Amino acid sequence: MGIPVLIADDDAKIRNSLKRVLELEGFSIEEASNGVEAMEKIGSTPFYCIILDLKMPQMDGEKLFEELKILNIPVPVIILTGHGDIPQAVSFIKKGAFDFIEKPPSMEKIIEAVKKATSLYQQSLKLKKQEDYEKFRFTLIGNSPKMLQLKKEIEKVASTNVPVLITGESGTGKELVARAIHNLSNLKNGPFVEVNCAAVPDELIESELFGHEKGAFTDAKEKILGKFVLANGGTILLDEIGDMSLKAQAKVLRVIELGEVEPLGSSKKISVRVRVLAATNKDLKKLISEGKFREDLYYRLCVYPINVPPLREHPEDIEELVNHFSLFFSWENGIPPKKFSKEVIEILKCQPFYGNIRELKNLVERLIILSPEREVKLENLPKELFEFKPSNLEEKIKNTNSLEEFLNKMEKEYLLYYLKIFDWNITKLCNFLNIPRSNLYRALNRLNIKGEKDEDS
């Protein structure tokens, strides 16, 4: 299938000639004999170029061109015009038309213009897709009270240039918080540079951050600019800063205080204007007491601390996160987006997710790829997600006077766990537990469990 091109002209001979020539060049051609027909086809087909005659019945080329602008359809338009209409065609170029060609059209000029237009349009689509991909990939998802508070703090600190220390468990999205701060700051048009301090060996961290001259050490075969220089005019994120060596910490402190970088093997200092963000899942105050982290650096970084909550503290965001990741991985793998059933979402909301959002993201990717149907259902989930995990078991044992009382508490918690998952749908729950409805109803009455629903839903 070739690149789709629309020819909109009321002259059938011109349409046929253009179609024949362009199809030989590998393009896929659609025709329209008037503006109304052209608009219908534009609404159903993503054309990469439109060859447009100005004079057509029902809706002329000028009106059609205006409609494309109003609808924000950025497809390149090549105007076909008679000799006397050249000034009008030139005015269309000023309004955003790609090119104009006089009638009768030169086939060589048409081929050249269409090839150029479709090539540039493909490039612009690729760039837009990349921009949309990056924006989609790094969006902070969630509207729970916890996430709304986090976004409020990000907005508050983004307008300043103070250092920010971002803390939180592994997998909570600390990098996304850093990117959000950068994207809302007055440095948003500058670079965003991330350094994973835990992934760089101690002997190389200074070179990575501050750069080095050729011959500065044994393997320094060429001059390298450090991350602080690369981030000049923008933001640097020092991820897992708790793993940074004390020597490197001293130099980072110097950069923050003086705005200067001294590459290894150089006596010259380089001035940099960089906003420093740091992230860690470690207790830096504990590291300070152990002599593993500089106290002065801690207070320079912690001008504004932000803590990212673990996922188990805002499970109400899980459905939105799942839908987001479903779109993301479907897009990335070139497959249609998949829907997650209500029962699946309820099970996911009950999980502790000690790996936080990263763990949920990995699970969604696995389900998107492995689930054979368009909807992810209970049977597609890993079996370990169904496991009932009693809460506060030791406390229940201490506060229970008899075995019967303890077993009743466990049974009630067990049934409530699965009733919530199945949205109080008795039929589905009985099928899952493989028990008769009468047995379940007796247990619910005995344990005084009064449901929101007791029939099919």
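Values reported hereafter were calculated over all heavy atoms of this structure, with side chains retained and with hydrogens, waters and symmetry mates removed. Everything numeric here is computed off the predicted structure, so don't read it as measured data. For reference, positions follow the sequence shown, starting with 1.
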task: Could you list the residues that satisfy ring-ring contact (aromatic ring centres under 6.0 Å, His included) with F340, not counting sequence neighbours?
output: none

- request: Name all residues meeting the ring-ring contact (aromatic ring centres under 6.0 Å, His included) criterion together with H182; count only those two or more places apart in sequence or in a different chain, and write none if there are none.
  value: F192

Search all heavy atoms of [X] against all heavy atoms of [Y] and return the closest pair with its distance.
{"X": "S33", "Y": "E37", "result": "OG-OE1, 2.9 Å"}
{"X": "L64", "Y": "A38", "result": "CD2-CB, 3.8 Å"}
{"X": "Y354", "Y": "E169", "result": "O-OE1, 4.2 Å"}
{"X": "P201", "Y": "A199", "result": "CD-O, 3.8 Å"}
{"X": "I79", "Y": "A97", "result": "CG1-CB, 4.1 Å"}
{"X": "T280", "Y": "G242", "result": "OG1-N, 4.0 Å"}

For the [atom1] atom of [X] and the [atom2] atom of [Y], what is their distance to the nearest 0.5 Å?
{"X": "N307", "Y": "T172", "atom1": "CG", "atom2": "OG1", "answer": "8.0 Å"}
{"X": "L363", "Y": "F325", "atom1": "CG", "atom2": "CZ", "answer": "11.0 Å"}
{"X": "M39", "Y": "L6", "atom1": "CE", "atom2": "CG", "answer": "10.5 Å"}
{"X": "I236", "Y": "F228", "atom1": "CD1", "atom2": "CZ", "answer": "4.5 Å"}
{"X": "N186", "Y": "K188", "atom1": "CG", "atom2": "NZ", "answer": "9.0 Å"}
{"X": "D243", "Y": "N281", "atom1": "CG", "atom2": "CG", "answer": "8.0 Å"}

field: Test applied, side chain to side chain contact (heavy atoms under 4.5 Å, CB included); reference residue, I111; option that passes from V21, L24, L18
entry: V21

task: Among L277, I181, L165, find the one that has a side chain to side chain contact (heavy atoms under 4.5 Å, CB included) with I306.
output: I181

- prompt: Aromatic ring centroids of F92 and F100 under 6.0 Å?
  reply: no

- request: Just say parallel, tilted or perpendicular for the rings of H324 and F328, cut-offs at 30° and 60°.
  value: parallel

Are any side-chain N or O atoms of [X] and backbone N or O atoms of [Y], one a donor and one an acceptor, separated by less than 3.5 Å?
{"X": "K174", "Y": "V308", "result": "no"}
{"X": "S119", "Y": "K116", "result": "no"}
{"X": "K41", "Y": "E31", "result": "yes"}
{"X": "S371", "Y": "I368", "result": "no"}
{"X": "N356", "Y": "R358", "result": "no"}
{"X": "T45", "Y": "I42", "result": "no"}
{"X": "Q58", "Y": "N34", "result": "no"}

task: Return yes if a side-chain donor-acceptor contact under 3.5 Å exists between S245 and D202, otherwise no.
output: no

field: K151: salt bridge (Lys or Arg N to Asp or Glu O under 4.0 Å) partners, not counting sequence neighbours
entry: none

Less than 4.5 Å apart, side chain to side chain, heavy atoms only: is that true for [X] and [Y]?
{"X": "V75", "Y": "P46", "result": "no"}
{"X": "D317", "Y": "I357", "result": "no"}
{"X": "N161", "Y": "L187", "result": "yes"}
{"X": "L258", "Y": "K269", "result": "no"}
{"X": "I270", "Y": "F210", "result": "no"}
{"X": "V344", "Y": "N380", "result": "no"}
{"X": "V164", "Y": "R275", "result": "yes"}
{"X": "I154", "Y": "L140", "result": "yes"}

query: What pairs meet the ring pair (Phe, Tyr, Trp, His ring centres under 6.0 Å) rule with one or both residues in residues 156-178, with sequence neighbours excluded?
result: none

field: Within residues 111-131 or reaching into it, pairs that qualify as ring pair (Phe, Tyr, Trp, His ring centres under 6.0 Å) - sequence neighbours excluded
entry: Y48-Y121

- prompt: Given the rule in the side-chain contact (heavy atoms from CB on, under 4.5 Å) test, do L209 and M244 qualify, once you have shown the distances and angles that lead to the verdict?
  reply: CA-CA 11 Å; L209 291 173; M244 184 182 288; 3.7 Å; yes

message: Walk me through whether F293 and I241 qualify under side-chain contact (heavy atoms from CB on, under 4.5 Å).
response: CA-CA 9 Å; F293 201 85; I241 197 169; 4.3 Å; yes

Would the number of heavy atoms belonging to other residues, nucleotides or ligands and lying under 6.0 Å from [atom1] of [X] be above 12?
{"X": "K339", "atom1": "NZ", "value": "no"}
{"X": "K63", "atom1": "NZ", "value": "no"}
{"X": "R366", "atom1": "CZ", "value": "no"}
{"X": "E112", "atom1": "CD", "value": "no"}

message: Among R15, K103, K55, which residue satisfies the side chain to side chain donor-acceptor pair (under 3.5 Å) criterion with D9?
response: K103

SB check [X] [Y] (cutoff 4.0 Å):
{"X": "K342", "Y": "E346", "answer": "no"}
{"X": "E175", "Y": "R179", "answer": "yes"}
{"X": "E260", "Y": "R254", "answer": "yes"}

- request: Would you please name every residue forming a side chain to side chain contact (heavy atoms under 4.5 Å, CB included) with V303, sequence neighbours left out?
  value: V162, P163, R300

Residue pair L311, L321: steps toward the side-chain contact (heavy atoms from CB on, under 4.5 Å) verdict: CA-CA 10 Å; L311 183 55; L321 284 163; 3.8 Å; yes

statement: Test salt bridge (Lys or Arg N to Asp or Glu O under 4.0 Å), reference K227, set E194, E208, E206, output is E208

message: Please evaluate residues L176 and I141 with respect to the criterion side-chain contact (heavy atoms from CB on, under 4.5 Å), reporting the C-alpha separation (whole Å), side-chain torsions for both, the decisive distance (0.1 Å), and the verdict.
response: CA-CA 10 Å; L176 297 185; I141 301 298; over 6 Å; no

